[in-house]
Amino acid sequence: MTNNIEQQIRTACAAAVKELYNADMEAASIAVERTNKDQIGDYTVVVFPLLRVSKKKPEETANDLGAYLQANVPQVSGFSVIKGFLNLSLTDSFWIETLGSALHNHEYGKGTPTGQKITVEYCGPNTNKPLHLGHIRNMLLGYSVASILEFAGNEVSKVNIYNDRGIAICKSMLAWQQFGNGETPESSGIKGDHLVGKYYVVFDKKYKEQVEQLKAEGLTEDEAKKKAPIQLEVQAMLLKWEAGDAETIALWKQMNDWVYAGFQVTFDKMGVDFDRDYFESETYLLGRDLVLEGLASGVFFKKEDGSIWVDLTDKGLDQKVLLRSDGTSVYLTQDLGTADLRYDHYHMDRNVYVVADEQNYHFKVLQLTLEKLGKPYAAGIYHLSYGLVELPHGRMKSREGNVVDADDLIREMVAAAKAQTLELGKLENPESEEAEELFRTIGMGALKYFMLRVDPKKKMLFNPEESIDLQGQTGPFVQYSYARIQSIKTKVGDIKIELPANYTLSALEKEVLIELYQYPAIIQESARNFDPSVVASYTYNLAKTFNKFYVDHSIANAETPEAKHLRLGLADLTAKVLAGAFKLLGIDVPERM
RNA sequence: GGUCGCGUAGCUCAGCUGGAUAGAGCAUCUGCCUUCUAAGCAGACGGUCAUGGGUUCGAAUCCCGUCGCGAUCACCA
C-alpha cells in the first residue's frame with residue numbers, strides 16, 4: 001500500500017488531458033476523492049475544472065477521461081459518469097494485493113524518514129500546585145503529537161519545562177514555613193504536589209484575611225494589598241532566593257522535590273514521559289545574557305529607568321520589556337534562554353510548543369525576538385496553540401477555585417469504567433489484577449479519546465458531572481472493536497493467512513479495505529497539521545466500518561476458505577491499525593473486554 | 001479600542017487545500033442476541049451551516065461587512 005493510487009489517477013488524468021485535448025495540467029490540481037457511498041465506484045474525478053481545456057460538456061469530458069483511464073491504468077476496472085463526476089471502480093485484485101503488502105509490513109503506515117529533528121515541549125507546569133484538567137489536555141496533545149510526528153518519519157524529542165521559580169512557589173514555601181508544623185508527604189500521606197498546593201491555598205487565605213483586617217483598620221483596598229504582612233514577607237523571600245540564601249534555597253529544593261515526585265506519579269498514570277527536563281531556574285540567567293548581548297549589538301534598547309526592551313512595532317506588535325529596571329527577568333527572558341539552550345542540545349529543525357492559546361501573543365513575540373537576535377532556529381518555532389478546557393459553569397481558572405484536579409479525574413474515570421464493566425457482567429474475575437488493569441485501560445481510553453478527538457485549536461467543553469460516555473464515538477468503542485477481532489483470532493487459532501488470487505469482494509469488504517488504505521495518508525496529514533484529532537477520527541471511522549462488516553459477514557465460519565482467509569486478513573490488519581493508531585494517541589487496547 | 005480565534009442538529013463534535021441530497025455520537029423513539037463479544041448493528045426524529053453581501057459552473061468551505069462569544073494587548077507567569 002505504499003504507492004498511492006490517488007496519485008496515480010491524478011498523473012494519468014494529466015496525461016489524458018495532454019493526449020485528448022493537447023493541454024497542460026498539473027497532476028496535483030486534479031481533484032480525486034473517494035466516491036460517495038451511495039454511488040458505484042471507489043474514487044471520483046471531478047471533471048468540471050477540465051471543461052476549460054476540453055471545451056466539451058461535462059458528461060462528454062468525463063466519458064473521454066474514463067475511457068482513457070480504463071485503457072491506460074491497469075487498476076481501473078470500469079467507470080460511470082454522473083453529471084460532472086467520473087466514478088472509477090478499481091479491480092478487486094488491486095485491493096487484495098494492497099491488503100497483502102500491508103499485512104507483510106510490520107510498520108504499516110510509518111512514514112519514510114524525513115531527516116527532520118523536532119522537539120516537542122509540553123506540560124510546562126508550575127511547581128506550586130498539582131496538575132489539573134488543562135494540563136491533561138496539554139499532556140495528551142503533546143505526547144500524541146510527538147508520537148505521530150515520529151511515526152510520520154521525524155526524529156522527535158519530548159521535553160518539559162518547569163516553572164520552578166518566582167513568587168508563586170515562594171508563597172507555598174512561606175505558608176509551609178509558618179503554618180506547616182513540619183508536615184511532609186511521608187508524615188501526612190499527602191501526595192507531594194498536593195501538599196505544596198495545599199500551602200499555596202493557605203497563603204492565599206491568610207493573605208485575604210490580612211487584607212480584610214487592614215481594610216477594617218481604614219486602609220484602601222490597594223494599600224491593604226501592598227501592606228499585608230505576609231505579602232511583604234513573600235517578596236522578601238523571593239529576594240533571598242534570588243540572592244542565593246542557603247536556607248531559602250534548601251527549602252525551595254525540598255518543596256520542589258516533593259512536587260516532582262508527585263508529578264511523576266501523575267505522568268505515569270497518564271502514560272506520558274519526557275526525554276529531557278528544563279528548569280526556568282536554570283535558564284533565566286541564560287536569557288538575561290542573551291538580552292544583554294542584544295542590547296550591546298543594538299537590537300534592543302534601554303529606557304531611562306534601566307529596563308531593556310525590544311521594539312516590535314515594525315511587525316505590528318508593541319514594545320515588550322525583556323529585563324526589568326531592577327535587572328530581573330520576566331517570563332519572556334526565560335523563554336529566550338530555554339530556546340537557546342534547547343538548540344544547543346538538539347539543533348532541531350522544528351521546535352514545537354504545546355501551550356494554550358491565551359499565549360498566542362507571547363509566542364509571536366518570542367519568535368520575532370529570536371529572529372531579531374539572528375537566531376537560526378527562530379523560523380522553526382511552532383506554537384501548537386490549543387483552546388482552553390471549559391467547564392459547564394464557564395472557564396476553568398485556578399484562582400476561582402473551579403478546578404478539576406488531574407488525579408481526581410483519573411480516579412473517577414477508572415471508577416466509572418469499572419462500574420460500567422461490572423454492570424455488563426462479562427468479567428470472569430472482577431477482583432483480579434487483570435480486571436483492574438482493564439478498568440484503567442478503558443477509563444483512560446475514554447478520557448484520552450474524549451480530549452483528543454476534538455481539533456486542538458478549538459476550545460472544548462468538559463462536563464464532569466455527566467462523566468464521559470463509554471458508548472458511541474468513544475475510546476472504548478474502538479477498544480471493543482479491537483477486542484472482538486482478538487477474540488476471533490484466538491478462536492480460529494494460529495493459521496497462516498493466504499489471500500486468494502481470484503476473489504470477488506463484497507461491498508462491505510471493500511469499504512474496510514479502502515478505509516485501511518487511507519492510514520498512511522492519515523498519519524501524514526495528522527503530522528503536517530500537528531493534529532491528533534485526525535488520527536482519532538480515523539480510528540472511529542475504521543472501527544465503525546469494520547463493525548458493519550463484522551455483523552454482516554461471518555469470518556471464522558466464512559462460506560468458502562477463500563473468504564475466510566481474506567476476511568481474517570482484513571480483521572488482522574484492522575486490529576493492527578487500530579492498536580497502532582491508538583498507541584500514537586497514547587491509548588492502550590485490551591485483548592478482551 | 002487594536003490584534004487573533006471561534007459561531008454547523010436540543011447537547012458534544014466531524015466536514016473547511018471550493019464539488020454530488022451537510023455527517024457522526026449523545027439524548028428521544030423503533031427493531032435485531034439458539035451462529036465469531038449487543039461497550040455492537042439497522043432504522044426514525046432532528047439543520048435558513050450566526051447574519052448580509054461578493055467571487056464561482058458550483059460556497060458550510062474563499063473574500064468583505066454586521067452581530068454574538070472568547071483570548072490577548074502587565075516591569076504577572
Side-chain angles (χ1 to χ4, degrees), chain A residues 28-29 31 33 35-36 38-39 44 46-49 51-52 58 82-85 87 124 126 128 163 165-168 280 303 305-309 316-318 320-335 356-362 364-365 385 387-388 390 394-395 417 420-421 423-424 426 442 446 450 453-455 457-463 466 468-481 483-492 525 533-534 536-537 540-541 543-544 547-558 567-568 571 592-593:
Chain A
S29 71
E33 42 202 58
T35 302
N36 281 10
D38 46 349
Q39 304 285 347
T44 294
V46 184
V47 301
F48 292 107
L51 303 184
R52 192 171 43 79
I82 294 165
K83 294 188 274 183
F85 300 94
N87 297 325
N126 295 330
N128 63 316
N163 303 298
R165 60 178 279 275
I167 197 83
E280 292 198 338
K303 291 193 176 174
D305 63 2
S307 56
I308 299 175
W309 296 70
L317 305 182
D318 307 303
K320 297 293 294 183
V321 69
L322 296 171
L323 276 183
R324 298 191 188 101
S325 47
D326 63 4
T328 58
S329 300
V330 294
Y331 182 39
L332 185 56
T333 325
Q334 306 171 162
D335 272 6
D357 62 9
E358 57 191 352
Q359 294 192 36
N360 286 352
Y361 187 80
H362 170 77
K364 269 188 205 166
V365 171
S385 159
L388 292 168
E390 293 185 345
R395 197 187 140 186
Q420 177 85 22
T421 306
E423 199 175 312
L424 288 172
K426 295 201 274 192
I442 296 172
F450 181 88
R453 80 185 184 97
V454 338
D455 185 342
K457 72 169 183 284
K458 293 194 179 177
K459 64 186 178 201
M460 65 178 296
L461 188 74
F462 181 84
N463 189 335
E466 289 178 9
I468 294 177
D469 289 322
L470 305 178
Q471 272 96 33
Q473 188 174 1
T474 65
F477 173 95
V478 177
Q479 291 173 323
Y480 179 71
S481 307
R484 283 209 300 204
I485 296 174
Q486 297 312 96
S487 159
I488 295 171
K489 281 159 69 178
T490 52
K491 185 144 294 183
V492 169
E525 186 191 341
S533 77
V534 172
S537 300
Y540 175 71
N541 291 333
K544 179 97 183 152
N547 286 341
K548 270 195 262 182
F549 155 79
Y550 171 92
V551 297
D552 210 71
H553 294 60
S554 191
I555 298 172
N557 304 310
R567 291 172 192 171
L568 280 173
R592 253 185 288 176
M593 72 182 275

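Computed from a predicted model, the values in this text were never measured in an experiment. We use all heavy atoms of the structure for the numbers below, so side chains are in, but hydrogens, waters and symmetry mates are not.
In this structure, Phe85(A) forms an aromatic stack with the base of rA20(B), since both conditions hold: centre separation below 5.5 Å and plane angle below 30°. You can call Tyr550(A) stacked on the base of rC36(B); the centres are under 5.5 Å apart and the planes sit within 30°.
The Ile442(A) side chain lies nearest to rA39(B) when the options are rG25(B), rC69(B), rA39(B). Taking the side chain of Glu280(A) as heavy atoms from C-beta on, and the options rA77(B), rA14(B), rC73(B), the nearest nucleotide is rA77(B). Distance from the side chain of Asp455(A) is smallest to rA14(B) among rC73(B), rA14(B), rG40(B). Nearest nucleotide to the side chain of Asp38(A), out of rA77(B), rA42(B), rU21(B): rU21(B). Checking rC13(B), rA39(B), rC16(B) against every side-chain atom of Thr421(A), the shortest atom distance belongs to rA39(B). Here the nucleotide nearest the side chain of Leu424(A), chosen from rA39(B), rG40(B), rC6(B), is rA39(B). If you check rC73(B), rA42(B), rG40(B) against the side chain of Tyr480(A), the one that comes closest is rG40(B). The listed nucleotides are rA20(B), rA77(B), rU37(B); the one nearest the side chain of Ile488(A) is rU37(B). Closest contact between the side chain of Thr35(A) and the listed nucleotides rU72(B), rU37(B), rA20(B) involves rA20(B). Which of rC13(B), rU37(B), rU72(B) sits closest to the side chain of Val454(A) comes down to rC13(B).
Distance CZ (Arg453(A)) to C1' (rC11(B)): 11 Å, rounded to an integer number of Å. Put simply, CD on Glu33(A) is 17 Å from P on rU61(B), counting in whole angstrom units. With rounding to whole Å, Asn128(A) atom CG is found 13 Å from rC76(B) atom C1'. As rounded to whole Å, 11 Å separates atom P of rC36(B) from atom CZ of Arg484(A). Nucleotide rG25(B) holds its P atom 12 Å from the CG atom of Asp469(A), rounded to whole Å. The separation between Asp552(A) atom CG and rC36(B) atom C1' is 14 Å, rounded to whole Å. For the pair Glu423(A) CD and rA39(B) P, the interatomic distance rounds to 11 Å; values are reported in whole Å. Atom NZ in Lys459(A) sits about 8 Å away from atom P in rA71(B), given to the nearest Å.
Judged by distance alone, the side chain of Thr421(A) and the main-chain N or O of Ala417(A) form a donor-acceptor pair under 3.5 Å. Formation of a donor-acceptor pair under 3.5 Å by the Asn163(A) side chain with backbone atoms of Glu280(A) is not found in this model. Ser537(A) places a side-chain N or O within donor-acceptor distance of the main-chain N or O of Ser533(A), the cut-off being under 3.5 Å.
Annotated as syn: rC33(B), whose O4'-C1'-N torsion sits within 90° of 0.
At the heavy-atom level, Tyr540(A) lies under 4.0 Å from the strands shown only through sugar-phosphate atoms. In this structure, Pro58(A) reaches neither bases nor backbone, as no heavy-atom distance under 4.0 Å exists between it and the strands shown. Counting any heavy atom pair closer than 4.0 Å across all strands shown, Val46(A) reaches a base atom. Across all strands, Met593(A) comes closer than 4.0 Å to base atoms (heavy-atom distances). When heavy atoms are screened at a 4.0 angstrom cut-off, Lys458(A) is found touching base atoms of the nucleic acid. In this structure, Tyr331(A) reaches the bases: a heavy-atom distance under 4.0 Å links it to at least one base atom across the strands shown. Contact annotation for Asp335(A): no contact, since no heavy-atom pair falls under 4.0 Å across all strands. Lys426(A) comes within contact range of at least one nucleobase, with a heavy-atom separation under 4.0 Å. Nucleic acid contact class of Ala483(A) (heavy atoms, under 4.0 Å, all strands): base. If you check every strand for non-hydrogen atoms under 4.0 Å, Asp357(A) touches sugar and phosphate atoms only.
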Derivation and outcome, side-chain contact (heavy atoms from CB on, under 4.5 Å), residues Asn36(A) and Phe85(A): CA-CA 11 Å; Asn36(A) 281 10; Phe85(A) 300 94; over 6 Å; no
Candidate pair Asp318(A) and Tyr361(A), rule side-chain contact (heavy atoms from CB on, under 4.5 Å), full reasoning: CA-CA 10 Å; Asp318(A) 307 303; Tyr361(A) 187 80; 2.6 Å; yes
Gln486(A) vs Met593(A), side-chain contact (heavy atoms from CB on, under 4.5 Å): CA-CA, chis, key distance, verdict: CA-CA 10 Å; Gln486(A) 297 312 96; Met593(A) 72 182 275; over 6 Å; no
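In this structure, rU72(B) forms a base pair with rG2(B), meeting either the Watson-Crick or the G-U wobble geometry with both donor-acceptor distances under 3.5 Å. Pairing for rU51(B) goes to rG65(B), judged as Watson-Crick or G-U wobble with the two contacts each under 3.5 Å. Partner assigned to rG19(B) is rC57(B), using Watson-Crick or G-U wobble distances below 3.5 angstrom. Here rG46(B) sits opposite no nucleotide as a Watson-Crick or G-U wobble pair (both hydrogen-bonding atom distances under 3.5 Å). Under the Watson-Crick and G-U wobble criteria, each requiring two contacts below 3.5 Å, nucleotide rG31(B) is paired to rC41(B). Across all strands shown, rC11(B) is found opposite rG25(B) as a Watson-Crick or G-U wobble partner, with both distances under 3.5 Å.
Distance check on atom P: rG19(B) versus rC63(B) gives 15 Å, rounded to whole Å. Taking atom C1' in both rU8(B) and rG25(B), one finds a spacing of 15 Å when rounded to whole Å. The gap from the P atom of rU17(B) to that of rA27(B) amounts to 33 Å, rounded to the nearest Å. Taking the P atoms as reference points, rA9(B) lies 22 Å from rC29(B), given to the whole Å. Comparing the same atom, C1', in rC6(B) and in rC16(B) gives a spacing of 13 Å after rounding to whole Å.
Within the 4.5 Å cutoff, the side chain of Leu323(A) has no heavy atoms near those of the Ser307(A) side chain. Counting only heavy atoms from C-beta outward, the side chains of Leu322(A) and Val330(A) never approach each other to under 4.5 Å. You'll find the side chain of Gln39(A) stays beyond 4.5 Å of the side chain of Thr44(A), heavy atoms only.
Evaluation of atom-type donor-acceptor distances gives a pair under 3.5 Å for the side chain of Asn87(A) against the base of rA20(B). A donor-acceptor contact under 3.5 angstrom links the side-chain atoms of Thr44(A) to the base of rA20(B).
Both Gln39(A) and Gln471(A) lie near RNA chain B, and the one whose nearest nucleotide falls closer to the 5' end is Gln39(A). Residues Ala556(A) and Gly316(A) each lie close to RNA chain B; by heavy-atom proximity, the contact nearer the 5' end of the strand is made by Gly316(A).
Closest approach of Phe477(A) to Ala543(A), counting heavy atoms only: CE2-CB, 3.6 Å.
Contact between the side-chain N/O atoms of Lys544(A) and the OP1/OP2 oxygens of rG40(B) is not found at any separation under 4.0 Å. Close to rC76(B), at under 4.0 Å from its OP1 or OP2, lies a side-chain N or O of Arg324(A). A close approach under 4.0 Å does occur between a side-chain nitrogen or oxygen of Asn547(A) and OP1 or OP2 of rC41(B).
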